[in-house]
Each structure stands twice: as structure tokens, then as C-alpha cells.
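As C-alpha cells, the structure follows; a few thoughts come after it.
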Amino acid sequence: MRSYFVSSLLSLVSVSIRFIHHFPSISAVYGKDVDDALPPRDFLTILECNNMTSNGFEHSVKVPRLYKIVKNIVQKVQEEGASLKQLVYENKHPNIRGLYALALTTLQNGSHLDHLIRSTRILFEEPRLDPWLARVLITELLWGKQRLQSESKPVKTILLYQTKLQKYLKEIVLSSPSVFKKVDKPRYVRVNTLYMSVSDVISAFAEEGWNILPKSANYDQFIESISNLTEPNFVRDIHIPELLIFPSGTPFHDHEAYNKGAIVLQDKASCFPAFLLGATPGSVVMDMCAAPGMKTTHLAAILQNKGKIYAVERDLRRYETLRKMLEATKCSCVESINADVITIDSSKCPDVEYILVDPSCSGSGMTDRLEVDGVKQAKCAPARIKSLQSFQVLILRHALLNFPKAKRIVYSTCSIYPEENEQVVDEVLSTVGDAYRLVPVGTILDGNWRNFSSKDYACEDKCLYARSETDMTNGFFVAIFERNFEVPLPESGRKKKKIELHEENKGSVSSEKEKKKKQKKKRRNAEESESVPNVDPVPKDTSNASDAMTVDNSTDSAMYRKEKKKNRKKRKRTADTNFTTINEDSTT
Ligand SMILES: C[S@@+](CC[C@H](N)C(=O)[O-])C[C@H]1O[C@@H](n2cnc3c(N)ncnc32)[C@H](O)[C@@H]1O
């Protein structure tokens, strides 16, 4: 009995450690909003008691550079409230991913580190040990690579405490296992069919010892099978043919297929927009909010590089990430454009048939962002949601009204807030009359789906929600608009609409009844909605249209600029959480 208990305990700890080990990579693209994290008070108290400074002392054998850099970053984030992503970027270290992952994990485990440092008394007993470096090294030892290789004094000191640290870590896991509990999503792997066929990739995995399970008969069976997935089994997704599903946390970051761009680590929900857009090889597509490029690259694969994709991204840094991703995944049919899509003169690309609108959103559906260090993140402020909603309405309406040959438009967010989803769809639908209709996503998925938009809205249950609890994905929303060419496109009337949004940010659903319903719903949602950090705030104004596109001073862009100016102060305070890493488990 006792040995059973001990072995269960050890496996619990090892599972937790394994899970945490993968945590940073899962969230690397749109990493958690740790920039606002408060300095751990207990830790600072320890520092004060010891009269310690973080300048450390000269060691004969140097501490590995990566650890030193991470130490400086973590210290700056905690002491000065600096932006983690900015510091990581500025460093220009060749292993930017490793740097980010270690810094993020150190910050995320702040309270556990406090506990470990207190329990082991390491800083009291080793007063010359730099406390910030200690945190980084302990993190690497317990949650990172789980080993430290260096003959430097600080590393050797931490290793002396390894057994104690592991003992106290077990205590943490036992006393609050919930801290380590998260939605146990499986590992989604999208095959880049520009590189290799799905069957070739499946065969390659089989050669590595993986075993593909038989196809499930229906969605319930499928969810059952992916919930219980264990090595060496994997499955092919029931909806997205190029998506493979592996046990949660399966490491792929060092896998050859991943490094050469043959597979992309992309959450299933984030694969829906490109899949549901329904573009075929030869189509002309516009991806209006493209970086880091998860959906653009998926679209290029669906098109098999035949046809054309305009991939528009306003933020220069994110645009550069997009470019790298396009290159790494061999997307040759994409013309990337660094511009504000609202300013794009649609007459320069009149043949666009399919449009993807995946705008900045609160990110409230991102399971990896729901908790940092076991603490629910602060609620996305209502003003922030309002501002996002205005922008989402603006950009979606721009897509619907300005591209005369567009036959299908997909709107998606990684948000679970109706304000960014049903309310946006309703608002835009109400201004396009019968020129567009919503395609019921349930029918496309052949009844094999559970979560849809709320019938309380004009869009009823025609749009898709992905929910982490039931679909084992990130939270996500997708609406499909289909053009009715028998009805002419209405005049955009953008000015009028935007003034409405600007003043009240209300939907323009005409009947009083619907308005009341919406308001009631809004109130309820404000009370109930999950707390989340702000994500994807204001991209920098780096409009720089490519040769193929020109900038026009439309009313929309004027309104947009006004809106931007109005919110500039607020936005300045918002940490830039748009960290992007190529090919990471994204989102959006
Ligand atoms: C949610 S992310 C898109 C994620 C992307 N679709 C993917 O799957 O990798 C939204 C992106 O839209 C960009 N963006 C926001 N406003 C824009 C605008 N007016 N024009 C072009 N891009 C914009 C943001 O900088 C951000 O990179």
C-alpha cells in the first residue's frame, strides 16, 4: 500500500513536471501576459532581509550566457515591469525560443519558486548566490531541461540543493494539485501538405513506432478517443484531414519534420477558419490579419500553392515573423503585405474571392492563457472589449462591402466572449441586408459538432464555437458569410455606421426587442465571463503598402485613426502580448 502510494506520488510529480515542461512551448506564440506580473513579495522580502543585490559576484567559470540573459530579463520584468517579449526580442540571441521559454517558465512559477527558496533556505545559506539567477537555474532544473550543465559556482550550488528542491516540489504538488491542473489538450500536428502528403507523414510516424488508431464513427467517440490518448497511439482528426492528434505534451520541437516545416504545431480550433473558408486550388484569397501566419500557411497548403493569397499584416515585427513562416513552410502563392488592411485599395485586388478575417481579439479562448501560476488572469476590461469590438466590426464590414467578387468570408476569433463574436456578426449582418447570408456551420460538419453560437442573437446557432472543456481545443469562434450575388452590395455607408459604433458601440439590430435581448445578454456576460488578459493589443502603425497595393484615405481609415488616437493612452499601458514564434502552437 505504502509503496503504491509512493509510486503514485512520484508519477504525479513526474506528470506535473512533464506537463509544465511543455507549458512554455504551447503558449509561445501568444504567450501569457506576464508583463503585468507583480514582483513576488515574499521573494523581495527575502532579498531585503539578506541585503542582497542582484549584481552577483565574479565567478571563475562563467555561467552559461543563456542563463545570464534570462536572469537579466526576468529581473527587469519583475523589478521594472518591462515587457518580456520586448526584452527577448532585443537580445537577438540565436536561441530566442529557448530564451523566451525559460524566462516565461521562471515568471510563471514565481510563487512556487518563492516556496522552494524559502523551504530550502538556499539564499540564506548561500548569500553570494544571485537570487535572480537562482530562480532561473531552479526553473531549468525542475521545469525546463531538468538538468544543469556547467562547472560554474552558481550551477554547482543549485545542484547541491537538487534533492531538497525536488522534495519540496513534491510537497507543492501534493498540497495543491489543482495548481498544476489545466485543460489537458492533446498535441495537434498539422501536416504541411506543401512539403509531404498526409499518408507519407503517417508512415514516417509509424516507422518511429507510433500507431494510428482506427477512425471514430462519430464525434462523441472521437472525443472519447482523444481524451484517452496515450503513447504510442495517435489519431487523424475527424474534421481536418491534414491534422494528426498525439497525446498531450508530446514533444515535437526537436523533431526533424517540425524543424524543416513539414509539420506545424497548430491547435485544431485554429485550423477551422482556413478549412471552412472552402477555397480550392486556383482561388484568390485575402487573409486580412495574417501574422504570424498559421492560417495563411494552412490556406496555401489547401490551395496547394495554386492561385493567390494576399496576406496582410499591419505590425512590422509580426509581418517579419509572417515572412519567415511563409518561407519555412514553402508557401509560394502568398503575396505578403505590410499594411493596415483598412487602407488597402480593393480595386488593386478586384479578383479576391475568399477572405479570412481573423482580427485582434481578447484571446479569452486561449486555454494556455487562462491561468498563470494557478492564478486566474485579470478580466479583460469592458472598455477593452468594446474597443476590440469596434475594430472587429470595422474590419469585417470592410471585408464584406469592398470586394465585389468575394463569395465567402470567414470571421474568426480566439475569444469566447459574445461581444467579440455573435454581437459582431449581428452588427455586420444588419448592415449588409440580403447581400450575404450566414452558412450554418453545423451542416458543413455533418452534425459532428456540439457547440454553436447562441440562439439569443440574430445569427442564431449558425456559427461555430470550439470550447476547451468539450472539444479539447482552444476556445474559438467561426462565422461563415456567403455572398448572394442576386442582391447588389449595399453602399458601404461606413461613416454613419462607424459613428454609431463610436458613440455607443451598440449593435444596430433594428427591433427594440432584439436590442433589449442584447443588452440583457451583455450584462449577464459581463458578470459571468472568464477573466483573461488582454491579448493582441494595438499593433504598431507600420503601414507600408507593397507594390501591389496602394493606400487610400477612406472614411474607414479616418475613423480608425481617430479611434486609435482616442485610445492611444490606454493602449500604451497595455503590454504587447503579441509575441510570436514561428510554427508554434498558435491560436489564432
Ligand atoms: C489574431 S492575430 C492573427 C493571427 C493569424 N491569422 C494566424 O493565424 O497566425 C491578428 C493580427 O492582425 C493584425 N492586425 C490588426 N489590425 C490590422 C489591420 N488593420 N490590418 C492588418 N493587420 C492587422 C495584428 O497585428 C495581428 O497580427
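Position 1 is the first residue of the sequence, and the numbers go up from there.
Looking at N305, its side chain does come within 3.5 Å of a backbone N or O of S332 through a donor-acceptor pair. Between the E353 side chain and the V284 main chain, a donor and an acceptor come within less than 3.5 Å of each other. In terms of modelled atom types and a separation under 3.5 Å, the side chain of N338 and the main chain of R314 share a donor-acceptor contact. Side chain of H398 to backbone of V341: a donor-acceptor contact under 3.5 angstrom is found. For the pair S283 (side chain) and A279 (backbone), a donor-acceptor distance under 3.5 Å is absent. R187 places no side-chain N or O within 3.5 Å of a backbone atom of D267 that could act as its donor or acceptor partner.
In terms of heavy-atom proximity, P404 sits nearest to R483 at O-NE, 4.5 Å. Shortest non-hydrogen contact noted between L322 and G293 is CD1-CA, 3.6 Å.
For the pair L265/H253, a side-chain contact is recorded, criterion being any heavy-atom separation below 4.5 Å from C-beta on. Side-chain contact between K68 and K62 is present, with at least one heavy-atom pair separated by less than 4.5 Å. The shortest side-chain heavy-atom distance between I444 and I480 falls under the 4.5 Å cut-off. Inter-residue side-chain proximity for C349 and M286 is flagged as met; some heavy-atom pair is nearer than 4.5 Å. Using a 4.5 Å heavy-atom threshold, the side chains of V77 and L87 count as touching. By the 4.5 Å heavy-atom criterion applied to side chains, F477 and I416 are not counted as neighbours. Looking at heavy atoms from C-beta onward, I202 lies in side-chain contact with F234 at the 4.5 angstrom threshold. Proximity of D358 to M288: side-chain heavy atoms (C-beta onward) are nowhere separated by under 4.5 Å.
Atom NZ of K215 is surrounded by 12 or fewer heavy atoms from other residues, nucleotides or ligands within 6.0 Å. The 12-atom threshold is exceeded at CG of N228, counting heavy atoms of other residues, nucleotides or ligands nearer than 6.0 Å. The environment of CD in E327 is sparse: at most 12 heavy-atom neighbours from other residues, nucleotides or ligands sit within 6.0 Å. When the shell of 6.0 Å around CD of E208 is examined, it contains more than 12 heavy atoms from other residues, nucleotides or ligands.
A side-chain N or O of D471 and one of N451 form a donor-acceptor pair less than 3.5 Å apart. Checking Y67 against E140 by side-chain atom types alone, a donor-acceptor pair falls below 3.5 Å. Between the side chains of R323 and S336, at least one donor N or O lies within less than 3.5 Å of an accepting N or O. For the residue pair K185/N474, the side-chain donor-acceptor check at 3.5 Å is satisfied. Judged purely by distance below 3.5 Å, without hydrogens or angles, the side chains of N421 and T413 pair a donor atom with an acceptor atom. Side-chain contact check for N192 and T329: no donor-acceptor pair (N or O, by modelled atom type) lies under 3.5 Å. Q389 and E420 are not linked by any side-chain donor-acceptor pair at a separation below 3.5 angstrom, with hydrogens and angles left out of the test. Between R190 and T297, the side chains place a donor N or O and an acceptor N or O closer than 3.5 Å (distance only, hydrogens not considered).
Of the charged side-chain nitrogens involved, none lies within less than 4.0 Å of a carboxylate oxygen, so that K407 and E482 do not count as a salt-bridged pair.
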Take E231 and T250 through the test side chain to side chain donor-acceptor pair (under 3.5 Å) and record every step on the way to the result. CA-CA 9 Å; E231 275 181 35; T250 307; 5.0 Å; no
### Message
Using side chain to side chain contact (heavy atoms under 4.5 Å, CB included), reason through V285 and Y310 one step at a time and then give a plain yes or no.
### Response
CA-CA 6 Å; V285 183; Y310 297 103; over 6 Å; no
**Request:** Start with the C-alpha gap between L396 and V424, add the side-chain angles, then the distance that decides, and say whether side chain to side chain contact (heavy atoms under 4.5 Å, CB included) holds.
**Result:** CA-CA 8 Å; L396 179 57; V424 170; 4.0 Å; yes
* Asked: What do the steps show when you test L99 against L66 for side chain to side chain contact (heavy atoms under 4.5 Å, CB included), and what is the final call?
  -> CA-CA 7 Å; L99 203 78; L66 185 122; 4.0 Å; yes
Given the rule in the ring-ring contact (aromatic ring centres under 6.0 Å, His included) test, do Y100 and H93 qualify, once you have shown the distances and angles that lead to the verdict? CA-CA 10 Å; Y100 180 73; H93 190 276; over 10 Å; no
How far apart are the C-alpha atoms of T193 and V198, what are their side-chain angles, what is the distance that settles it, and do they pass the side chain to side chain contact (heavy atoms under 4.5 Å, CB included) test?
CA-CA 7 Å; T193 53; V198 179; 3.9 Å; yes
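None of F252, Y188, Y258 except one satisfies the ring-ring contact (aromatic ring centres under 6.0 Å, His included) rule with F246; the exception is F252.
Note: K295 NZ to S270 OG = 4.0 Å, rounded to the nearest 0.5 Å. With rounding to the nearest 0.5 Å, the separation of CD in E313 from CG in D315 is 5.5 Å. Here the straight-line distance linking atom CD of Q75 with atom OG1 of T106 works out to 12.5 Å at 0.5 Å rounding.
For F272 and W449, the gap between ring centers is short of 6.0 Å.
For S203, there are no side-chain contact (heavy atoms from CB on, under 4.5 Å) partners, not counting sequence neighbours.
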